[in-house]
Amino acid sequence: MARILVTSALPYINGVKHLGNLVGSQLPADVYARYMRGRGHEVMFICATDEHGTPAELAAAKAGEPVADYCARMWQVQKDLADGFRLSFDHFGRSSSARNHRLTQHMAGRLADAGLIEEVSERQVYSIDDGRFLPDRYIEGTCPNCGYPRARGDQCENCTKQLDPTDLIEPRSAISGSTNLEVRETKHLYLRQSLLRDRLREWIDSKTDWPVLTTSIAHKWLDDGEGLQDRGITRDLDWGIPVKRGNVIWPGMADKVFYVWFDAPIEYIAATAEWADANGLDDEAWERWWREDLGAEDVRYVEFMGKDNVPFHTLSFPATILGANYDGAEPWKLVDYIKSFNYLNYDGGKFSTSQGRGIFMDQALDIFPSDYWRWWLMSNVPEGSDANFTWDSFQGGVNKDLADVLGNFVSRVTKFARSRFGETIPAGGDYGPEEATVVAELARRLAAYEAAMEAIELRKAAQELRGLWVTGNEYLQSAAPWAAFKTDPDRAAAITRFAFNLIRLYAVLSRPFLPDTSEKMLAALFNPDASWPGTLAETLGTLAGGHPFTVPDVLFAKVEDARREELEARFAGA
RNA sequence: GGGCCUGUAGCUCAACGGUCAGAGCAGAGCGCUCAUAACGCUUUGGUUGGGGGUUCAAAUCCCUCCGGGCCUACCA
């Protein structure tokens, strides 16, 4: 039994996430975690809300709430949606937790001890009316290059020129519109990750099996311009983790907090500690996942994220991990595999929160059960390139794959059996050469499915899973128990029994993708053994004659054309 | 500007130097009647974006041109 640590990129706290966010980290991570649990491995699956930073403060202000209250409320909203999509986190934490405060401060202290922290004095724009420093992109003004009146302080969206906030003509606060701005001197801590450049490169170069998307982004950052740049890890904000060096005051850093991108990945570790706390366990329970000197030497750590997150996970966070072990005293676990994803578009354009374009997690669950979404999203997950959601494609995937191939298989088997033999699986007859042929075919496809899941090639895995379902329909057509019933009832009984065992097999194999449906299928069989198959010949004998069953309700309702058209219109956007 | 990815059947994708370039959907025909008018079988359809090169052999490697996407470091 292996031990597998799985983390999903942390969803940001400022509102309900859309399907593009879901498909790029939480959902694939869940499918992988469920698969590994199904194989009998010990899995720790961690996620949390990412709660700090300027957008959280602004969202709270807009909602008229104290930021702590806002975050607590939004955490619950996101938790409920995660439950709705059946995301099987062992713990869904919060980056604002006491655990993360302590651990982030501890890590910063270790990095300072290692000589990897530098104090840098810089000039930042301060908005007097807003009472806060403004990140570059929260300053608007006229572009000095093209005259676009709504250029942002980091870049002009119109002419794409990179800007410095001080370049802007008539700069104003993007928050309040105030022009009462001034440049102030402020001191910040920088993580000197440039000093770790060679070690990071060596480490990344050793990961020859990582997705190209992951390594190419990492290399880009290592080699671009003058190479890996040091990064500021503190901010002048109220909401966040106070800057401390371990548990002591950091001179000159009062009233500052750590940068959200410094504390967010550390929350992976802290959330595991939160998990231990929530379950009444001691520190050893979480340390054995994260500390190579305390039991984590055999852990395989896999991270899931969208491509925008890759630089932080390939460079900054590893720099923190490596730096914190400068003296060999704290060997924290480095990631073993980074699965990164491209973006999901909505009908040819980007999902957009501000324009109300696309589908958000809460809306999705109001429209269709989570398994419908899980299936379409995973069988179209943007692995190789950006993918595109259309209602037409969604309708096709649900109707053909789920309703026709899988759902109808369960329906035809259970209804045939009930009408001919009653509500117990028929005894009589034996499996013959036809079943042996199907077992061989299933074995081939199962091996391909397992290989794809091990390699985290999820589109391919979904295809192989569908192929396994198809094999059931092929078998029924060829064995034709309805015909055999008239001449050789024992033969019909054997075919039917075999088909019931296929239903059980499909329930087990489909569980990572379709947890609710899997449960319904097993329930219709009165919850037989649901362990992953060893040998197929053996596993297809699990259900014997006399075992009771019921005909389940239709597993997947078809998406009608009228329904699709209605949804297309409703989600067309502003 | 620079870097990376990408262009294969009407659509979505696979094939990672080696048998006639494959699959799902869509289209056509046949079969079955257990089933959500579901399922199965057969079949139409491609000068692999264009051009050049390397090789016994190229969708695959190299060069070039054309198209699409992403990233480019203080939003997270």
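This structure is a prediction, so every number in the text was calculated from the model and none was measured. Within every chain, numbering begins at 1; the chains are lettered A, B, ... in the order of the sequence lines, protein sequences first and strands thereafter. Both backbone and side-chain heavy atoms feed into the values below; hydrogens, waters and symmetry mates do not.
Spacing of P atoms, B/G50 relative to B/A9, comes out at 10 Å, to the nearest Å. Between B/A76 and B/A14, the two P atoms lie 34 Å apart (nearest whole Å). For B/U6 and B/A15, the P atoms lie 11 Å apart once the distance is rounded to whole Å. As rounded to the nearest Å, B/U47 and B/G22 have P atoms that lie 15 Å from one another. Between B/G46 and B/C39, the distance separating the two P atoms is 27 Å to the nearest Å. B/A57 and B/G52 have their P atoms separated by 16 Å, with the value rounded to a whole Å. Nucleotides B/C61 and B/A23 place their C1' atoms 27 Å apart, quoted to the nearest Å. Taking the P atoms as reference points, B/G7 lies 13 Å from B/C16, given to the whole Å.
Among B/U36, B/C25, B/C70, the nucleotide with an atom closest to any side-chain atom of A/Arg466 is B/C25. Out of B/C34, B/C74, B/A76, the shortest distance to the side chain of A/Pro55 is found at B/A76. Residue A/Trp221 has its side chain nearest to B/A73 when only B/C70, B/A73, B/C74 are considered. Here the nucleotide nearest the side chain of A/Leu555, chosen from B/C74, B/A73, B/U36, is B/U36. Side-chain proximity of A/Ala403 to the nucleotides B/C75, B/U36, B/G3 is greatest for B/U36. Comparing B/C25, B/U36, B/G40 against the side chain of A/Gln477 picks out B/G40 as the nearest. Residue A/Asn473 places its side chain closer to B/C39 than to any other of B/U33, B/C39, B/C75. You'll find that the side chain of A/Val470 is closest to B/G40, out of B/G40, B/C34, B/C75. For A/Lys400, the side-chain atoms get nearest to B/C39 when compared with the rest of B/U36, B/C75, B/C39. Of the candidates B/G69, B/C74, B/A76, the closest approach to any side-chain atom of A/Val260 belongs to B/A76.
Summarising the geometry, the separation between CG on A/Asp136 and P on B/U72 is reported as 14 Å, rounded to the nearest angstrom. Here B/A35 presents its P atom at 18 Å from CE of A/Met521, a figure rounded to the nearest Å. Spacing between atom CD1 of A/Ile217 and atom P of B/C5 amounts to 11 Å, rounded to whole angstrom units. The distance from atom CG of A/Leu458 to atom P of B/C13 is 16 Å, rounded to the nearest whole Å. The nearest whole Å value for the distance from the CG atom in A/Asp154 to the P atom in B/C71 is 13 Å. Put simply, CG on A/Asp347 is 12 Å from P on B/U12, counting in whole angstrom units. We find that CG of A/Leu476 is positioned 12 Å from C1' of B/C32, with the value rounded to whole Å. The nearest whole Å value for the distance from the CD atom in A/Gln463 to the C1' atom in B/A15 is 12 Å.
The base of B/C5 does not come close enough to the side chain of A/Tyr343 for any donor and acceptor atom to sit less than 3.5 Å apart. Side chain A/Asn408 to base B/A35: a donor-acceptor pair is found below 3.5 Å. Side-chain atoms of A/Gln124 and base atoms of B/C74 include a donor and an acceptor less than 3.5 Å apart. Remark: the A/Gln229 side chain and the B/C74 base include no donor-acceptor N/O pair separated by less than 3.5 Å.
Under a cutoff of 6.0 Å and an axis angle of 45°, A/Arg466 and A/Phe513 do not form a cation-pi pair. Both the sub-6.0 Å distance and the 45° axial angle are satisfied by A/Lys307 relative to the ring of A/Tyr343.
With sequence neighbours excluded, no residue satisfies salt bridge (Lys or Arg N to Asp or Glu O under 4.0 Å) with A/Arg420. For A/Glu435, the side chain to side chain contact (heavy atoms under 4.5 Å, CB included) test picks out A/Tyr431, A/Tyr475, A/Arg491, A/Ile495, A/Phe498, with sequence neighbours left out.
Contact between the side-chain N/O atoms of A/Lys307 and the OP1/OP2 oxygens of B/C5 is not found at any separation under 4.0 Å. OP1 or OP2 of B/U36 has not a single side-chain nitrogen or oxygen of A/Arg412 nearer than 4.0 Å. Here A/Lys350 reaches the OP1 or OP2 of B/C70: one of its side-chain N or O atoms lies under 4.0 Å away. For B/C74, the OP1/OP2 oxygens have no side-chain nitrogen or oxygen of A/Arg123 closer than 4.0 Å. Neither OP1 nor OP2 of B/C75 sits under 4.0 Å from any side-chain N or O of A/Tyr259. For B/A14, the OP1/OP2 oxygens have no side-chain nitrogen or oxygen of A/Arg459 closer than 4.0 Å. OP1 or OP2 of B/A38 lies within a sub-4.0 Å distance of a side-chain N or O belonging to A/Lys558. Taking side-chain N and O atoms only, A/Lys220 has no distance below 4.0 Å to OP1 or OP2 of B/A73.
The main-chain N or O of A/Lys187 is found under 3.5 Å from a side-chain atom of A/Lys256 such that the two form a donor-acceptor pair. A/Thr234 places no side-chain N or O within 3.5 Å of a backbone atom of A/Phe258 that could act as its donor or acceptor partner.
Taking the ring centroids of A/Phe389 and A/Trp376, they lie under the 6.0 Å cut-off.
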Give the C-alpha distance, both sets of side-chain angles, the deciding distance and a yes or no for side chain to side chain donor-acceptor pair (under 3.5 Å) between A/His188 and A/Asp236.
CA-CA 9 Å; A/His188 282 295; A/Asp236 290 294; 2.9 Å; yes
Checking A/Tyr372 against A/Phe394 for the ring-ring contact (aromatic ring centres under 6.0 Å, His included) test, could you report, in this order, the C-alpha distance in whole Å, the side-chain angles of both residues, the deciding distance, and whether it holds?
CA-CA 9 Å; A/Tyr372 291 36; A/Phe394 178 79; 7.1 Å; no
Symbol by symbol from the 5' end, with Watson-Crick or G-U pairs under 3.5 Å, [ ] crossing and | another strand, RNA chain B is (((((((..((((....[...)))).(((((.......))))).....(((((..]....))))))))))))....
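Tested against A/Phe312, the residues A/Trp261, A/Tyr268, A/Phe262, A/Phe317 include a single ring pair (Phe, Tyr, Trp, His ring centres under 6.0 Å) partner, A/Trp261.
Ring stacking is absent between A/Phe416 and B/C34, as the pair misses the limits of under 5.5 Å between centres and under 30 degrees between planes.
Of all heavy-atom pairs between A/Tyr138 and A/Ile175, the closest is CD2-CG1, 4.1 Å.
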